[in-house]
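Labels below follow one simple rule: chain letters A, B, ... track the order of the sequence lines, proteins then strands, and each chain is numbered from 1.
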Amino acid sequence: MSLEMVQFHDAFFEEAFESLDAMEKALLDLDPGSPNAEAINSIFRVAHSIKGGSGMFSFNEITSFTHTLETLLDELRAGRMPVTSSIIDLMLKSTDVLRGMLRATQHKTPIDQQAVADLQFDLEQLVVKGAAFGALTAVAPDAAPAVAAPTAVVAAAAARLPRPDEKTWQIEFKPNEQLLVRGNDPSRMFAELAELGDVELLVHTDAVPAFADLDPELCYMTWTIILTTDLTLDTIRSVFEWADGDCELSITEAIGMAPAAPPPSAAAALAAPVPGTTAASPPKAVAAEPEADKSTKSASADSTSIRVSIEKIDELMNTVGEIVITQSMLMQFAQSTEQPSLDRLRTGLTQLERNVRELQESVMRVRMLPISFAFSRFPRLVRDLSQRLNKQIELKMTGEQTELDKTVLERIGDPLVHLVRNSIDHGIEMPEARIAAGKSAVGTVYLNAYHRGGSIVIEVGDDGAGLNLERILTKARAKGLVAQTDTLSDDAIANLIFLPGFSTADVATDLSGRGVGMDVVRRNIKDLGGTVELRTQQGRGSSAIISLPLTLAIVDGQSVAVGDEIYIVPLVTIIESLRLKPGMVSRVVGRGDVFSFRGDYIPIIRLHEVFNAQPRHHELEKGLVMVVEGDGRKVGMFVDELLGQQQVVIKSMEVNYKRVEGVSGATILGEGSVALILDVPGLVRFASERIAA
Amino acid sequence: MNPNGHMKTERGPECAAQQVLTFCLGAETYGVDILRVQEIRGWAPVTRIPQSPTHVLGVLNLRGSIVPILDLRVRFSLEKAEFTALTVIVVLSVTTAAGRREFGLVVDSVSDVVDIDAGDLKETPSLGSRVTGEFIKGLATVADRMLILLNVDELIRRDMEQVEPPAMAGAA
């Protein structure tokens, strides 16, 4: 392929994946009873544009598959076929298969031909049936759609009287054996012919060998088709365009040939699957399981570009425009010969400061995406899983427009999937059990996202049975994670399942599944600088509350001084700062100092000791104690004094150096020097380890 | 020499020769491959990194990236010198397994850029240098002086890929 085309591949794949997501969403919204015509149209457009794009890049498998899909959609769109939930299921599966094909093509790995062929066959079967339905309703509109058997094609065709301008054509269609291998399917062509006029089909099965000699990938049959239509020869030929070169085709006008009663073999050919797919069907059930897993992972596919709304770009442009104006204003002050008044200069600088802050915010906003990107996969997941488990589950999502940083968004997907799966699998009970418990048979799984302070909170919960606390506690005691005599609150017990090594063997059936433990969920969330905790109520359900930082790149910081060094403490971790009075501090022998704070005894860590710095004050009463919280524990951090509060841009220490204990990163201060940002949870752990030691 | 100026390398027609930036450290002259040199800048106070080895002085802001600064005197166990107006930081950039890393070396002064033919490079004798052998690529004689050619890749690998601090890093 020419180099020029290759450069558009990425754009095609990106767009195709996006359209597939849209298609999936539209399919999930589609109501089998009263389908929304616009929704079907939009699904059709997706299939059509993917077909067009893949055709342009010669991704022939994708073109062929989408063509089939498109044919089916066309039937639905024209109302020739009812939208049933089985069709929706099939089309949802098609989006999975298409995604797989696209991904395989993108990464130049082999396409799962089996899955594609199976599904393509199923779709074609539907189209053929659909054509039958269409023909049948044309004659007898009140006929029940359920009775539309393939034989009806022929029967219906025979029943209609030819119009005067109609001609009857006899088409001899002799595909060569490779036809199916190339992704062409005669039944699809016949369905297309059926759209042109009345079709009578005769299949010649003489060449089909004995079963033992049968190669399921080859086509052994030939067909004679009698078509009555008012369309031209060229139109008829165009139907066979796809098979051009793969078949012998002769189309002759059969004058005066009355449509004969269909030979029984024709019906048999339509009803029986084409040999190419009979052998292929059984493995499908096996393939379904990994497929579902794949679909949930699709969102984690590495995307290096970002789609930004025009609104945000315009905002950015405006801000930059203002900065340019302010800058030229300041330049004028500098160039004017007369001494510019200090006041005007100050005003200009204040304006510049405001502009720059706006610019910073706008740029940050570009990186922010609504959480619906992470939520979008759940309707499908819930639908699939609930069907598989025979549970009735309703998914409620709120706060989908809550925005968070792209990096956070990409990495929160998998933990969320795990939690939602747990809720469906282990949380929601079977309908009978729910009714017995006095609840509605339909369980609810909810996803809720909102802002709280400087963080984003995502709640994943259900109204199921809640966690089996007794069992967790027994397990924890057996594993020695909790002392036999300890009594724990319900929430404390629930949170035990986050401990590494907890989700094993016999508990796995009850609490988690599929290999990834809850400790991985917690670790993933922690890596993002977030926290997660579980709440549970016996018989009322359980929920996981995830708290994430708004962005990984910028943090509100409090600068503190230790000697002549400056450190930044993330503002969210600070509870309060106070100056200790003599007598507030007690020394626990060998364990360091503690002080009483709102009824708690809080250990004190001297930052200068941990960091080996030269402080200005050694006495606790002279400096300040900052109460900080990390990992759910509080410590008092002794520093010399508090400086200002400011937003700081987090820079990694690891890019050029390595991880430093107690430091989460560095930032550049106004005057250009570097200040280190404290890793408060790390320091808290350090303090508690030292005290416990 | 302009302490803040960028070093521009001009590769001569003779490609077998290697251009080397030489600098002084006490009485000895050292050299580094000039293609590794990013820039040379005057000494500026750095921000100390807690719990780091003594030869890691701290980090510096180099146009927005955080760059660790190493004191080569301390690294090579020479007596510590006062930082003067001549003290410079040679910013080097090396490609490691973990990607491109930048770091600065504090040296007494920068002297010259010299060409060294590959053939002029001598094996390091096992005695007579304070520097541990693996940091030295070889010795060369330039204008009757011995030049110690440093293996900066090895030097940086040692410092940046030390074992993670055990206590807290594992839990995070």
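The backbone N or O of Glu102(B) sits less than 3.5 Å from a side-chain atom of Asn656(A), completing a donor-acceptor pair. Put simply, the side chain of Gln51(B) gets close to the backbone of Val610(A): a donor and an acceptor are under 3.5 Å apart.
In this structure, CD1 in Ile650(A) is found 11.5 Å from CD1 in Ile66(B), a value given to the nearest 0.5 Å. Rounding to the nearest 0.5 Å gives a distance of 9.0 Å between OG1 of Thr47(B) and OH of Tyr567(A). Between atom CD1 of residue Ile49(B) and atom CG of residue Asn612(A) there is a gap of 13.5 Å, rounded to the nearest 0.5 Å.
For chain A, the nearby part of Val56(B) is the side chain; its heavy atoms alone come within less than 4.5 Å.
Closest approach of Phe611(A) and Arg48(B) over heavy atoms only: O-NH2, 2.7 Å. A pairwise comparison of heavy atoms in Asn61(B) and Gly672(A) identifies ND2-O, 3.0 Å as the closest pair.
Not a single salt bridge (Lys or Arg N to Asp or Glu O under 4.0 Å) links Arg145(B) to another residue, sequence neighbours left out. In this structure, the side chain to side chain contact (heavy atoms under 4.5 Å, CB included) partners of Thr531(A), at least two apart in sequence or on a different chain, are Ser547(A).
Counting non-hydrogen atoms of neighbouring residues, nucleotides and ligands closer than 6.0 angstrom, the CZ atom of Arg616(A) exceeds 12 such neighbours.
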